[in-house]
Student: 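Take this structure, written in structure tokens, and hold onto it; I'll ask about it next.
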Amino acid sequence: MADEETLKAGTVPAADAEAQAMLVDVEDQRIVQVRAALTALMQTGGTAAAQRKRPQVFVSAHGRTLVLPARSTSAPYTVRDLAAVEDGRYLRKLKDGSYLLGVHVFVADGATLQLRGPLTLRMGSLPGSFSSVIAFGGDIEIRGTAERPVRITSWDVRTRRPDRTTTDGRAYIRAVGGNFEMEHAHVSHLGFWSGRTGGIALTGTERPASEYRHRTKEQRHRDKRERLAAAGTGRGGSDFGDVETSPIGPGTATHVLADELVSGSIRHSTVTGDAYGLFVSGSSQTRIIDNEITGSLVHGVFMHRFTKNAVIEETRVTGSGGDGFVLSRATEKVRITKCVAERNGHNGFTLNGRALAHGPSASGESLAVFGDSSVNDSVARDNGRYGIEVLGGTRLAVHTSEVVGGDMGVVVREGASEVQISGNKLVDQRRQAIALRDGATGAHVAGNTITGTVTGIYVRDSTGRIVGNKITTLSKPDAHGITVIGAADGTEITRNTVAGSGTSAISVARADGEVDKRDNDEERWRDTSSFWVKARRYVKPMNVIWAGVILLVVVSALRSRAAVERRRSRAGDPYGPQRVLEERPVTELRPAGVNGTVNDAVNGTVHDTVPGADRAARADGARRRQPSLTGHAVPAPTSGGRA
């Protein structure tokens, strides 16, 4: 059986899920058929229509529905009017002064149901049977005071306790279109499975109010004459005009068409143990102010599609099985201020601005993204996953808020653009305080104070300006003040102050593209990284390529020089084998008979006393020994074979 703990864990057995989904579908069919039948009755006109302008019961295969049609006057319906129907058969007063509701209530277009305090309303909720209060185009006012509140809860008459089992359905309150006001109310243990049956639900669409309401008086009278004429001649139609109802079956409806955007206000109230604490869709200018929401099985405050211009202030959500606050896709201009999300199973706050479709779709949804919503002056504390998560969209913002604990503090991803994260305080996240991931562009992260985390600001495949943040990390070997990874071209990191110890104060070694890193204060950072970690900071593809080119040039130059030296050593001195010319004194030879004297031009004049014949022989021998250019003796010239 699907109980509170099972739903909180995010798992529902398949059989229970199927049963609950079928009950939601049956509720959709019941509401549509009741509205169609009532509209047909009112269009018949005459005394029959006049008699229908009072409380009445419609019966179908889905049970009984107490219908409150529009009155001829502006007087609202009250508890007294409900108790008077069939002498209190459907609303019975108990001995303790509380009231037990045992039927579905349908507040029609133009009617108002007013519940004033002090009042305790117990909505019957049994296996196979439960009650509900639904306004379809009408208004619901639940209004008490601080001293005399309105108390509403599901009630199991067998156990005399609130119904805590959702498998077989559970009592709920819903406004479809129209206006919903709740002030100083205590609501507990309502709703099951879907948002529109989740407890307190305000739903609508952007469709205009019904065509019948906007037709002129003359057009309505003409329609009436035509319907009466067709009914009298048997040419078609029925007692209910031109509206036909379909046989009741399993059906596959996924939503209920509404007349218009719903508007409303929920103030100074508490909601405990609902499936969804508060569920809003198709609304305009809804106000949720000063409320306490605890123990929701799914989400605390869920703003669903086409919710615009809403304000959520001073509301506290604790202990939800899912998120504390959710701004779903197709929500715009929703402002969350001074709210608290604490100890929820998933995120504290989720802002989802993604488009409803990414290409052609069967429903023809727009491809536009959504945004202009913000979280301001709020607190996310000790939630199961992230403090605040931003998914896609544009111009979403987180300002002057505090995030304590959680796996991560503020996470921006799914291609979100122009997100602003400024003036926040983030403390004690297990991994990263602020993360820009997966295609976030144009983010502005400025003036945040981060303490007690492993990584202060983490950027992966995203771009933005990170300016003026103060970061103090834990003293761990893998700690980083700011780290940038992947495609980050155009990212700016300036005027940040980083303190702590770890791998790096500001790491851009793994970033691709141009990262502007300047004017940061890292004086109080102690780098504990190893030599290889420091080396890896500079090992980038381009650095490796250029280092290889330079190394190749240097090696080539050294090898060329060595080759030249080797060739020189093998060739030796080309003039080595040659002999030095021998220098000898020059001797001047004179003809014989000149006083027998030889004059040496080099050594002076020497007078030889040798006889004339001997001197002639010596002169002849000297001519024979005269050196040549090659150092060898050149023989004297001969004539006729004689020297």
Student: Around Arg161, counting heavy atoms of other residues, nucleotides and ligands shown, do more than 12 lie under 6.0 Å from its CZ?
Tutor: no
Student: Please round to the nearest 0.5 Å and tell me the distance separating atom CZ of Phe180 and atom OG1 of Thr286.
Tutor: 10.5 Å
Student: Is any NZ, NE, NH1 or NH2 atom of the basic residue among Asp461 and Arg437 found under 4.0 Å from an Asp or Glu carboxylate oxygen of the other?
Tutor: no
Student: For the residue pair His299 and Ser320, confirm or rule out a side-chain donor-acceptor distance under 3.5 Å.
Tutor: no
Student: To the nearest 0.5 Å, how far apart are NE2 in His268 and CD in Glu314?
Tutor: 9.0 Å
Student: Apply salt bridge (charged side-chain N to carboxylate O under 4.0 Å, His left out) to the pair Arg381 and Asp428, showing each step before the final yes or no.
Tutor: CA-CA 10 Å; Arg381 181 181 294 113; Asp428 296 340; over 6 Å; no
Student: Have a look at Val34 and tell me which of Ile134, Thr39, Val67 forms a side chain to side chain contact (heavy atoms under 4.5 Å, CB included) with it.
Tutor: Val67
Student: Side-chain contact, heavy-atom cut-off 4.5 Å: Ile152 with Arg122?
Tutor: no
Student: Compute whether any side-chain donor of one residue and acceptor of the other, for Gln285 and Asn309, lie under 3.5 angstrom apart.
Tutor: no
Student: Under 4.0 Å between a side-chain nitrogen and a carboxylate oxygen: does that hold for Lys338 and Glu313?
Tutor: no
Student: How far does CZ of Arg116 sit from OG1 of Thr78, to the nearest 0.5 angstrom?
Tutor: 10.5 Å
Student: If you apply the rule side chain to side chain contact (heavy atoms under 4.5 Å, CB included), what do you find for Phe58 with Gln33, and how did you get there?
Tutor: CA-CA 10 Å; Phe58 286 10; Gln33 290 179 347; over 6 Å; no
Student: Salt-bridged, Asp323 to Arg385, with N to O below 4.0 Å?
Tutor: no
Student: If you measure from OG on Ser296 to CG on Leu278, what distance do you get to the nearest 0.5 Å?
Tutor: 7.5 Å
Student: Side chains of Asp25 and Gln29: donor-acceptor distance under 3.5 Å anywhere?
Tutor: yes
Student: Going by ring-ring contact (aromatic ring centres under 6.0 Å, His included), name the residues that satisfy it together with His186, two or more places apart in sequence or in a different chain.
Tutor: none
Student: Is it true that atom CG of Asp96 has more than 12 heavy atoms of other residues, nucleotides or ligands lying nearer than 6.0 Å?
Tutor: yes
Student: Can you tell me if Asn383 and Asn344 form a side-chain donor-acceptor pair at under 3.5 Å?
Tutor: yes
Student: Pick from Thr331, Leu391, Val326, Leu327: which one makes a side chain to side chain contact (heavy atoms under 4.5 Å, CB included) with Leu351?
Tutor: Leu327
Student: Checking His184 against Ile142 for the side chain to side chain contact (heavy atoms under 4.5 Å, CB included) test, could you report, in this order, the C-alpha distance in whole Å, the side-chain angles of both residues, the deciding distance, and whether it holds?
Tutor: CA-CA 8 Å; His184 290 294; Ile142 303 172; over 6 Å; no
Student: Do Ser328 and Asn352 have side-chain atoms, one donor and one acceptor, less than 3.5 Å apart?
Tutor: no
Student: Just checking, is any N or O donor in the side chain of Glu27 or Tyr172 under 3.5 Å from an acceptor N or O on the other one?
Tutor: yes
Student: What is the distance from atom CG of Leu23 to atom OG of Ser194, rounded to the nearest 0.5 Å?
Tutor: 10.5 Å
Student: Once you round to the nearest 0.5 Å, how far does OG of Ser125 lie from CG of Asp168?
Tutor: 6.5 Å
Student: Salt-bridged, Glu183 to Arg267, with N to O below 4.0 Å?
Tutor: no
Student: Answer yes or no: is there an ion pair linking Arg431 with Asp407, defined by an N-O contact shorter than 4.0 Å?
Tutor: yes
Student: Yes or no on side chain to side chain contact (heavy atoms under 4.5 Å, CB included) for Val187 and Thr153, after CA distance, side-chain angles and deciding distance?
Tutor: CA-CA 6 Å; Val187 180; Thr153 185; over 6 Å; no
Student: Would you say that more than 12 heavy atoms from the other residues, nucleotides or ligands in this model lie under 6.0 Å from the CZ of Arg143, or not?
Tutor: yes
Student: Listed by chain and number, what are the ring-ring contact (aromatic ring centres under 6.0 Å, His included) partners of His304, not counting sequence neighbours?
Tutor: Phe279, Phe302
Student: Side chain to side chain donor-acceptor pair (under 3.5 Å) for Ser132 and His104? Distances and angles first, verdict last.
Tutor: CA-CA 5 Å; Ser132 65; His104 296 293; 2.7 Å; yes
Student: Do other residues, nucleotides or ligands put more than 12 heavy atoms under 6.0 Å from the CD atom of Glu86?
Tutor: yes
Student: What pairs of residues pass the ring pair (Phe, Tyr, Trp, His ring centres under 6.0 Å) test when at least one of them lies in residues 343-368, not counting sequence neighbours?
Tutor: Phe325-Phe349
Student: Indicate yes or no: does Asp163 engage Arg170 in a salt bridge with an N to O separation below 4.0 Å.
Tutor: no
Student: Which is it for Thr337 and Val311 under the side chain to side chain contact (heavy atoms under 4.5 Å, CB included) test, yes or no, and what are the steps along the way?
Tutor: CA-CA 8 Å; Thr337 306; Val311 173; 5.9 Å; no
Student: When you look at Arg35 and Asp109, which way does the salt bridge (charged side-chain N to carboxylate O under 4.0 Å, His left out) test go after all the steps?
Tutor: CA-CA 9 Å; Arg35 181 171 182 265; Asp109 189 0; 5.8 Å; no
Student: Decide whether a cation-pi geometry holds between Arg30 and Phe106; the criteria are a distance under 6.0 Å from NZ or CZ to the six-membered ring centre and an angle within 45° of the ring axis.
Tutor: no
Student: Side chains of Ser417 and Thr441: any donor to acceptor distance under 3.5 Å?
Tutor: no
Student: Between Ser281 and Thr203, is there a side-chain donor-acceptor contact under 3.5 Å, judged purely by atom types and distance?
Tutor: no
Student: How about Phe136 and Ile31: do any of their side-chain heavy atoms sit closer than 4.5 Å?
Tutor: yes
